[in-house]
*Asks:* 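Can you keep this structure in mind? I'll have questions shortly.
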Amino acid sequence: MKLNLKKIFVTKMLVGLCTIAFLSSCVNDQSDKKYNDTVDIPVNQEMTAELTSPPFVPTPIGKRMAKKLIVDLEIQEREGEMTSGVKYVYWTFGGTVPGSFIRTRVGDEVEFHLKNHPDNKLPHNIDLHAVNGPGGGAESSFVAPGHEKVFSFKVLNPGLYVYHCATAPVGMHIANGMYGLILVEPEGGLAPVDKEYYIMQGDFYTEGSYGDRGLQAFDMQKAIDEKADYVVFNGHVGAMTGDNALTAKVGETVRLFVGNGGPNLVSSFHVIGEIFDKVHVEGGSLINDNVQTTLIPAGGAAIVEFRVDVPGTFILVDHSIFRAFNKGALAMLKVEGEENKTIYSGEIRDGIYLPEGGVIQSMPTAGNKTVKEEIKALSFEEKMQFGKDKYMATCLACHQANGQGIEGAFPPLAKADYLNADVNRAIDIVLHGKTGEITVNGKNYNSVMTAQALSDEEVSNVLTYVYNSWGNSKKEVTPEMVKAVRNQ
Ligand SMILES: [Cu+2]
């Protein structure tokens, strides 16, 4: 009997508790509870947000309390360089593409000051995906040149969010570079890491094709057709390669805040030679482990984290791979430190394996169909400039920015005895490619250089540039010399 009574009592207690819970509306699920919490987070002091240009991010939030956070962002329409010799008028949030990185935490009350520089020609606004409100702020922030708009919002949901201009024609404002990232850290901040960087992909549409010189206007039809001429990280080709490469040391953990401004293309974000230990999928709270390639939608983001284990240059790409090697979607992370032969041995044996008979592949040429009218260099200076542009666009990937090459793989062109000994042989190599063992500055190379599909004019420019740079013998190569070798 006694036991039974006890049972009844316990059951009644439970019913009672549930009723109380119901009345106080605690029956809602976890996520609603969290949401209410962030709405109720009090703010006391006021501070001005630190804004940074890519690839850098502001100081982590850490344990700081929620605050009233003043964000001062200035819109600037300004000319920049898409790639060597190609100019483009970018529309920017803060002077860079992507725009300034904004770092907040849940509970912050952001007072957003959007300023449209008086020299600008157009009105703009901002839609922040981190905002709960009409247009993500777009409706309250429409601002004419020479004006400033202020609106405020409370940051409720943690995650990494895109912001962009939403002024008509929206696609055109985004295509010209009007996007960036705003990070909302959870209570207590993200776990500390050694290096953090800011990367954002975007596709660009120009009147000329990839690499066509001069100031290139935006091409609306190509944008509508989604035929991008450039797909790049951080606004232009080579924003994070060579001297501008990202850096880290062996053993460090790297966190990349990666966004995709679009306007059209989704990104298959991949780091060659690394595995993402963690991906905050779509920039949200879900964490996936051990990921090779993560998909970042247009207008979306992801946070990827990985520990770098061995030294080397790691290449960041959109794995829709023609975009990486032909349209600019390529960046570099240079890692320095001790090798670890267990994790990666390096080359153990080098044998020749040429199943297709060792024939040198050549780049498909345009044939006779679409031979473009060529701009001829009129002076030696112009020849050097055109030659440099061609070098940066074609040879740099292998022979490196200052002709230093990569030992064991690509021979140097700087102070290169092999190059300086025989100009016709150099012309022949550029025209027809090269395979077989050669010795350059005392080091052996046994690799394959593909034939370069360049015109006589282009070969003469690029080799003149090479011969007149980096301590070489200062020969001038004329189109006639190239023609003579071609006709042999
Ligand atoms: Cu705009």
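Ligands are counted one by one from 1 in listed order, and the atoms in each one are counted from 1 as well.
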*Asks:* Name all residues meeting the ring pair (Phe, Tyr, Trp, His ring centres under 6.0 Å) criterion together with His236; count only those two or more places apart in sequence or in a different chain, and write none if there are none.
*Replies:* none
*Asks:* Does Thr394 have any side chain to side chain contact (heavy atoms under 4.5 Å, CB included) partners at least two apart in sequence or in another chain, and if so, which?
*Replies:*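 Checked Thr394 against side chain to side chain contact (heavy atoms under 4.5 Å, CB included); matches are Lys390, Gln452.
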*Asks:* Everything protein-side that's N, O or S and under 2.8 Å from the Cu ion (ligand 1): list it, residue and atom.
*Replies:*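 As for protein N, O or S atoms lying under 2.8 Å from the Cu ion (ligand 1), they are His124 ND1, Cys165 SG, His173 ND1, Met178 SD.
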*Asks:* Over all heavy atoms of both residues, which pair between Leu295 and Ser268 is shortest? Give the atoms and the distance, please.
*Replies:*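 So the minimum-distance heavy-atom pair works out to CD1-OG, 3.8 Å.
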*Asks:* Tell me whether the centres of the aromatic rings in Tyr163 and Tyr179 are closer together than 6.0 Å.
*Replies:* no
*Asks:* Tell me if the centroids of the rings in Tyr230 and Tyr210 come within less than 6.0 Å of each other.
*Replies:* yes
*Asks:* Excluding sequence neighbours, so at least two apart, what forms ring pair (Phe, Tyr, Trp, His ring centres under 6.0 Å) with Tyr391?
*Replies:*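 Ring pair (Phe, Tyr, Trp, His ring centres under 6.0 Å) list for Tyr391, sorted by chain: Tyr465, Trp470.
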